[in-house]
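Working notes for the structure below.
Each chain gets a letter, A, B and so on, in the order the sequences are listed, and its residues count up from 1.
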Protein chains: 2
Amino acid sequence: MTNTSVTTIAEKIFENLCTAIVKGEMPAGSKISEPELSMQLKVSRASLRDAIGRLEACRLVTRKANIGARVVSLSKHQLIEIYQVREALEGMAARLAAQNCTDQEIRKLRQLVEHHTREANTIDGASYFQQTGDLDFHFHIVQSSHNEHLINLLCHDLYHLMQMYRYQYGRASHRSVAATEEHRYVMNAIAEGDGEMAELLMRNHIRKSRQNIEQLLEAQS
Amino acid sequence: MTNTSVTTIAEKIFENLCTAIVKGEMPAGSKISEPELSMQLKVSRASLRDAIGRLEACRLVTRKANIGARVVSLSKHQLIEIYQVREALEGMAARLAAQNCTDQEIRKLRQLVEHHTREANTIDGASYFQQTGDLDFHFHIVQSSHNEHLINLLCHDLYHLMQMYRYQYGRASHRSVAATEEHRYVMNAIAEGDGEMAELLMRNHIRKSRQNIEQLLEAQS
DNA sequence: GACACATTTATTTGACAAATTGCAAAAGTC
DNA sequence: GACTTTTGCAATTTGTCAAATAAATGTGTC
């Protein structure tokens, strides 16, 4: 999934820190000390600063001049904002995928949905599905939109943030079966080339996910 | 409009290069030499590299490892891609603005539309409108969405690119009068709090802009 | 096509300037 | 006299710079 042909040191550090943040190994809200971390990783401060700059660009850390960088702290409010952005962008991605995707991409999409359907009915299915399956499905549709700008926004910036929320707030909802059904509807619309319908169904799917999350978060607090 | 309380040198360079690129003073596709430019601006290479990193983050330059940075070269294809992203994001922005904006923001929006209506009917109106008026209107609605993530995406990343296209491909269409009318419809939907309608109208407006651009670009080539 | 050379970028190191933070002494108020 | 507020200094951290080396790319020659 991630590009393995990483060339520069700054990029390697970026990817390492990225997964560390996403997995919560660097706690949300914690401060990032440049001298300390550069010692620890055995790289120069310059390379580290470069990497931190990239993390800032995809919103995984916030930075203030002369104060420093902190791992982003995720509020419920921000999560809802991100779902609203996703609803808009992935809706468009589904529309474009219906118009532009190749036969091979449709076959691959169908395989994904079939595989997830089988998994979602097993014991650990809910966990598995939420952790990788759902994101896989969305990831593939975005790629199939063939809109480079859209792909960058969703797969480079937002993808990591979504993963981070998954790790932090955990999963465990009863939506995995319903979600795979919704995936199937979206897939069919794309396969039929019905962009209007694909966008509508994708937006409904993401909106339901958001409402589900909102309920869970309400119950927690 | 731009924040004047800029603290760091890297940020100043970023803003300077940003406007230079947008206005075409640094030609699209031209290479950026780090040693040369750092000498010219009288800053260190480190600060310049920081600034170039930010430019890359908002897609104004493209960068390849060990090769260098180039001012982004705008293709017609990419312009269309950006309009598709805008259609999705600004449609959502209009919907959220209808739900969330304050009375004061509605008054301000109405003032904008009235002002643009008067300007659009003058001789130089078309030029004025396309250069600042249209972007002002969209800018204000995005702000009124009160979705920070959406605001960042549209006003920090995409805004500069749109400006750049305006400067490069020029303006001169006959859509300024029609566009202000469409603005008025969007405004009314927002004022009435009809999010569904506001999104629909905004998307239609942006789609028509895109189709108009596509026609003009077809005619050129 | 292979090889040496020149150029450019990536990275490191070390240093200094500038800003922020924390703490403690000094001043003021009740 | 006890408490709060303010002031000022020291310590830490970030921002910036300069110089040098490593590594990669492109070029010209054979």
Between B/K12 (NZ) and D/dT16 (P), how many Å, whole number?
9 Å
Check step by step if salt bridge (Lys or Arg N to Asp or Glu O under 4.0 Å) holds for A/D103 and A/R107.
CA-CA 6 Å; A/D103 291 348; A/R107 280 197 297 276; 5.4 Å; no
Nearest to the A/N66 side chain among C/dT8, D/dG26, C/dA19, which nucleotide is it?
C/dA19
Quick one: B/E34 CD to D/dT25 P, roughly how many Å, whole number?
16 Å
Which comes earlier along DNA chain C counting from the 5' end, the contact point of A/I9 or that of A/A65, where each point is its nearest nucleotide?
A/I9
Could you list by number each residue of residues 37-51 of chain B showing a heavy-atom separation from DNA chain C of less than 4.0 Å, or answer none if no residue does?
B/R45, B/R49
Determine whether A/I206 and A/E90 make a side-chain contact, defined as any pair of heavy atoms from C-beta on separated by less than 4.5 Å.
yes
Using whole Å, what does the distance between atom C1' of nucleotide D/dT14 and atom CD1 of A/I52 come to?
11 Å
Answer yes or no: is there an ion pair linking A/R203 with B/E199, defined by an N-O contact shorter than 4.0 Å?
yes
Looking only at heavy atoms, what is the nearest atom pair of B/V142 and B/L150, with distance?
CG1-O, 4.3 Å
Between A/Q163 and A/L135, is there a side-chain heavy-atom distance shorter than 4.5 Å?
yes
Under 4.0 Å, counting only non-hydrogen atoms across every strand here, what does B/I32 touch: a base, just sugar-phosphate, or nothing?
sugar-phosphate
Once you round it to whole Å, what is the distance between C1' of D/dA24 and CD1 of B/I67?
9 Å
Quick check: A/H146 with B/H77 (ring centres under 6.0 Å apart)?
no
d(NZ, A/K64; C1', D/dT13) in whole Å
16 Å
